[in-house]
Structures are given as structure tokens and as C-alpha cells.
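Worth knowing before you read on, the calculation uses all heavy atoms, side chains too, and leaves out hydrogens, waters and symmetry mates. Just so we're clear, the structure is a prediction, and the values are computed from it rather than from any experiment.
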Amino acid sequence: MTPPLLRRAAPLILTCTLALGGVQATAPTAPTPASPEATPTAPVPVASPPAVSVSTPAAPVSAAPAAVVPAPAAPVAEPGANLRGLWIDAFGPGLKTRAQVAQTVADAQRMGVNTLFVQAIRRADCLCLKASVPTVTDPDLEKNFDPLRVITTLAHARGMRVIAWVSVTGVGNTAAPNTSPAHVLRQHGAQAGAASWVVRRPDGTWQEGRDTWLDAGIPDAAAYMAEAVVSLVRNYPVDGVQLDRIRYPDGDVWGYDPKTLARYRAETGRAGTPATTDPQWAAWKREQVTNLVRRITLEVKALRPDAWVSAATITYQTAPRPGDLNAFARTRTYGDVLQDWPAWMQSGLIDLNVLMNYKRDTVAPQADWFDGWNAFALSVRDRPDGARTALAAGTAMYLNTPDITAAQARRAVQTGMGWVGYSYRTPTAGVYGQRESTAQGLKSVMNVLGAPGMPLERPLAWTDAPPTVRGLLGRVTGTATPGRRAVQAIQQGRVVAESVTDALGYYGFAALPAGKTEVRVSGQRWADTIPERGVVRLPDLLVRDTPVVPVLPVKR
């Protein structure tokens, strides 16, 4: 067992009158097939000490989640290098009966993988019985059966890890709607008026194909999504969670719900409705996604510091050159679906990045795209605290022949990355095209991946501990605009990290060294001690919007 959240009512040090200077293809989603790219109405429960009243200014700033402390020069091990995984999706057989789950685990063991990424929350519904979201309404699901609990038990008995895979913002599909009255789209769907949480285009439309997405810029929706993920860690002995569809939909035309626009105007001071091409509008929406990742990670780590937090990330088309973050900012990953996953890696907001590197080597220039994205990810994995984010290449088994799958997996692991295949249910292009059975496809891909020199030639144990095991979480309250306030973490007189508050006033850091840390937000400062293990939750701060002291300038 891991230690519980460290709740600190004291020693809180508040200094209110300082005299200091200013401061490709995305993962498939439905049965075609659904891949990583798949929650109750209350916000994430937070037990905090009473609010502390202070005065605060509201100064819009750009999100800067990455810390700025220089990394040590000592060599570090490559976390994730031994990861050999399979995605287990729930859009067909594999998880719906006890017999299917037993077969899935037995096949995975024969194949030689050590980690199962099990679809848990599919579309705001769960292949489980104890999440904050309702159970999936699927006639093929065995009655009173809890797939997540059973597969975790069976996999652990065989030495495999289980990561609960969650579709975060993707919550509905018109071809297969959840019929539970408790489903989020019953209370907060597109027809719910002011209570709707659905992400919209400028003309108010909301469907992307057959899919429905929630808007990360709506505070209650963000809290709902965070609680859905946290509920799995609270109720199941999973080894971690994977955040899928942690983004806006494709198209770069989303976020136009009136509530989202009102927040944007309040936090930035801008009037009118932003154009879809407005870079400041895009940056603000990108912050909402990063803020949601931060909140989920810190809440998960507060429950279990040893739980892995992973993301299934987008790698569309041509990759940036290794280390070229300016080139990354010109990709569709950053500019269209608004994922800034290099910043998530470098600031400790994810422990494991599984690239959805779904390419076909037989289609030029996709082999170069595949290798390029792997090289870029490896070049930006270092964190300022000296740790490294674990990396794995997620490959599209369903688009390729077994020999191509094996070649891609081998190229990835030769660079020090792990490998995850999509998917157990569709392990080859032949199975996906209905030219062979799943059993036939599994046999052929096992033979090739298990051949001499291939990634599954011999069993490997993946026993790495996640790099993020501690953090700091706080919240400002008492103001109509709690979001987008500058936050700095200071150790030994240096600004070691900076960020912004989210829509509900939450802020936090995940990659800081242990020790005494001063936090400044809205012109105030206080201090606490970050432990070697666990998450410090600072008391809620009741703020007033009056100028006091600016944040410190960053000394680089």
C-alpha cells in the first residue's frame, strides 16, 4: 500500500505584504476499430482545510507548465524500455464475459506481453461496476460482471500490469448511445441548453461524424472528466490509467459554447467572438487541455503515488526534427487538436507517453513519419528534475501485416522505447479486413514478433516505477474569475516552475524536487514542504481581486 494524500492545514506561511520586485491518423474510435483515441455529475471530491482570505490580483498569463531548473548531467536509465503491451478494446469480443476475459489474458500471456491497456471508460460509461460513470449498456455484457476487476485479477496473477484506458473528452456515439438515465448526455447533452457540456463549432453544431465530445473549457465538464478517471484508481487495483481523447476534436473549429466563450473573455479581457484562426484563442484552449491533464494527474497521485499516468498522444503526418519545439508548434497535434504533450512530459504531468504512431510502412512516406515521431519524442523526454518520461511506440497492428508490425516494433525498441500494439481484437490487417479470424491473426503475429531478434523473442518484466511520485495541489476560490492566474513555485530563492490556475481555480506541480517550496499566486506567497512521496494539498485560498505583489521574474 502507498501512503495516503498528505493533507497540510499547517504549516502554511502567508505573507500578504511583500516588498519584493515584480515578478496522422488518430486512434480509431468505434468498431472501425476503436482504439485509444474511446463520469458522474459532481466535481472531484476535495477535502481541504478552511479557506484562507487574502488579497489577489488577476493577471492573465500564458501557461508555462515546464519547470526551469537545469537537469543534472548524470546519466539516467531509459524508463519504459521493457514495456511490451497490447490495447484491449471493448467494441467487440474480449472483455464482455468471464470466458472472454480469461481467453484474452491467456492469449496475452502466450504472446509474451507484460502490460494490458484495458478499455475501461469507453464513452462516459465503464466496462466496470464501480466507477463514477454508469456501466456500459451492451447486450453482450454478462450480467453482474465486472470486466475491469476480473481482468486485473487474472493479469496480475500472471505477472502482467493493467492500465485502465479512458476516453476523456469523447463521450458519445449516435450509432451506439448509452441508454442509462445516469449517462452524462442525458443531463448535459447537446439539447440541454445552458446545462450542455458539449463542445461546439461557431454555428452551434456539435457532432464530429457520429461522435460527441465534452468541452474541456467548461468547468463542470472538466471536473466531471477528472472524477471519472480518479474513480478507477480509487476503486480498482489497476497499475495506472491512460488518458485517451485528451484533446479537442479534429478540425480546429471547436470551443464555441457560450459558457466557454464567456470564460475566455473574462480571463483574457478580449471582447467579441474569436476567429477559428486566432492564435490567442487556440493557446487558451490548449491551456484547458493541459489544465485537465494536470488536475487528473495530481488527483491520481494524491491517491496512489505509484500509479502510472499515461497518455495516448497524437502524431499526425510529418514529425518535427528532434528537439525542435518550434516545429512541433506548427504540427496539427499542437495547432489543431491542441495537445502540448512535450510540455506534459517535461513538467511531469504524464509518466508514460504512448505515441499513437499509426503508420503503414508500405505507404510512402509513412515509415519516415513513424521513425521521425519516435525520434522527436525521445528528444523531449527529459524533465528538469533529472527524471525521464517513459516512452512507447503505439503501432497500428490492424493496418499492417505481421511482418510490418514486427519491423515497426523492432525499430522502436532499438531506440530504447517500449512497444504497444493496437489491438488484441484486430491484430492484423487481415483480421481488420475480415479476411481471417482473430485467432488466426494472433497466431501469425505471435510467430513473427516472437522470432529471434524480435521484441517478443523472450519474456520481459516491466517493473519500472513511475517518475512522478509527488506533487503539490492547491486552489483559489471566492472570485468570479479563478482561472488563468499566474502561479510560481520557488525553491531556494529560484523560480523552479510556473503555471496557471484552471477554470475552477486549481493549480499544481508534479515534477518539483522534494523540500521546502514557496508558492506564489495572485500576488501572494506561502510555503510548505513537498515530501519525497505523496501530494501536498494546500488550503483553499479565498481571494479578492485587488493588486498586491507581482510574481517574481524568472531567473534563467
Side-chain angles (χ1 to χ4, degrees), residues 29 39-44 60 63 123-124 133 167-174 177-178 183-228 243 245-296 335-340 479-484 500-506:
T29 53
T39 88
T41 56
V44 177
R123 299 185 186 113
V133 297
S167 173
V168 182
T169 54
V171 296
N173 183 283
T174 56
N178 184 290
H183 191 267
V184 64
L185 295 182
R186 298 293 174 275
Q187 293 85 30
H188 302 288
Q191 312 306 321
S196 174
W197 293 349
V198 170
V199 68
R200 297 178 185 272
R201 299 182 184 90
D203 63 1
T205 57
W206 51 272
Q207 272 190 256
E208 187 211 26
R210 291 178 172 176
D211 289 340
T212 305
W213 301 62
L214 296 187
D215 191 338
I218 297 175
D220 290 339
Y224 170 90
M225 291 182 265
E227 168 61 8
L243 310 182
R245 291 203 164 188
I246 182 72
R247 62 183 184 91
Y248 277 84
D250 292 282
D252 196 23
V253 294
W254 302 91
Y256 287 86
D257 180 276
K259 297 183 292 299
T260 306
L261 290 171
R263 271 198 61 224
Y264 173 70
R265 295 172 187 131
E267 291 182 6
T268 64
R270 302 186 79 193
T273 298
T276 59
T277 56
D278 186 332
Q280 185 169 337
W281 169 233
W284 184 89
K285 290 187 291 181
R286 195 177 300 110
E287 284 177 10
Q288 309 316 303
V289 178
T290 294
N291 288 342
L292 181 55
V293 175
R294 178 184 298 109
R295 177 78 188 282
I296 290 170
D336 183 345
V337 300
L338 306 174
Q339 279 190 348
D340 189 4
T479 174
T481 310
R484 212 160 189 255
V500 293
T501 56
D502 69 12
L504 292 170
Y506 285 96

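- Side-chain atoms of Y264 never come within 3.5 Å of backbone atoms of G217 as a donor-acceptor pair (strictly under, hydrogens ignored).
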### Task
Could you check D278 against R270 for salt bridge (charged side-chain N to carboxylate O under 4.0 Å, His left out), going step by step and ending with a plain yes or no?
CA-CA 12 Å; D278 186 332; R270 302 186 79 193; 2.7 Å; yes

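- Taken to the nearest 0.5 Å, the CZ atom of R186 stands 6.0 Å off from the CG atom of N178.
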### Message
Between D340 and T290, does the side-chain hydrogen bond (donor to acceptor under 3.5 Å, both in side chains) criterion hold? Intermediate values first, please.
### Response
CA-CA 7 Å; D340 189 4; T290 294; 5.3 Å; no

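- Residues satisfying the side chain to side chain contact (heavy atoms under 4.5 Å, CB included) criterion with P219, sequence neighbours excluded, are R263, A503, L504.
- The minimum heavy-atom distance between A275 and Y256, with the atom names listed, is C-OH, 3.3 Å.
- Remark: R265 CZ is packed, more than 12 non-hydrogen atoms of other residues, nucleotides or ligands lying under 6.0 Å away.
- The shortest side-chain heavy-atom distance between E208 and D250 falls under the 4.5 Å cut-off.
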### Query
W284 and T260: side chain to side chain contact (heavy atoms under 4.5 Å, CB included), yes or no, with the steps?
CA-CA 11 Å; W284 184 89; T260 306; 3.7 Å; yes

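- For the pairing with W197, the side chain to side chain contact (heavy atoms under 4.5 Å, CB included) check across T212, V184, D215, V171 returns one residue only, V184.
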### Verdict with reasoning, R484 to T481, per side chain to side chain contact (heavy atoms under 4.5 Å, CB included)
CA-CA 8 Å; R484 212 160 189 255; T481 310; over 6 Å; no

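- In terms of heavy-atom proximity, G193 sits nearest to K259 at O-NZ, 4.4 Å.
- A donor-acceptor pair under 3.5 Å links the side-chain atoms of K285 to the main chain of W254, judged by distance alone.
- Taking each heavy atom of V253 and P202 in turn, the nearest pair found is O-CD, 3.2 Å.
- Side chains of L261 and W281 form a contact here, defined as non-hydrogen atoms less than 4.5 Å apart.
- Listed for the H183 side chain is no donor-acceptor partner under 3.5 Å among the backbone atoms of G172.
- In this structure the side chain of P249 never reaches within 4.5 angstrom of the side chain of D211, judged on heavy atoms.
- No side-chain heavy atom of D502 sits under 4.5 Å from any side-chain heavy atom of R294.
- Using a 4.5 Å heavy-atom threshold, the side chains of R247 and L292 count as separate.
- Here the shortest heavy-atom pairing between I296 and L243 reads CG2-CD2, 4.1 Å.
- Sorted by first and then second residue, the salt bridge (Lys or Arg N to Asp or Glu O under 4.0 Å) pairs with a member in residues 193-207 read R200-D257; sequence neighbours excluded.
- Taking each heavy atom of T169 and M225 in turn, the nearest pair found is CG2-SD, 3.5 Å.
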### Task
Please report the C-alpha distance between N291 and V500 in whole Å, then the side-chain angles of each, then the deciding distance to 0.1 Å, and finally whether the side chain to side chain contact (heavy atoms under 4.5 Å, CB included) criterion is met.
CA-CA 8 Å; N291 288 342; V500 293; 4.0 Å; yes

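- At least one side-chain heavy atom of L185 sits under 4.5 Å from a side-chain heavy atom of V198.
- Once rounded to the nearest 0.5 Å, the distance linking CD of Q207 with OG1 of T174 reads 4.5 Å.
- Here the shortest heavy-atom pairing between A190 and S196 reads CA-OG, 3.9 Å.
- Not a single ring-ring contact (aromatic ring centres under 6.0 Å, His included) links Y248 to another residue, sequence neighbours left out.
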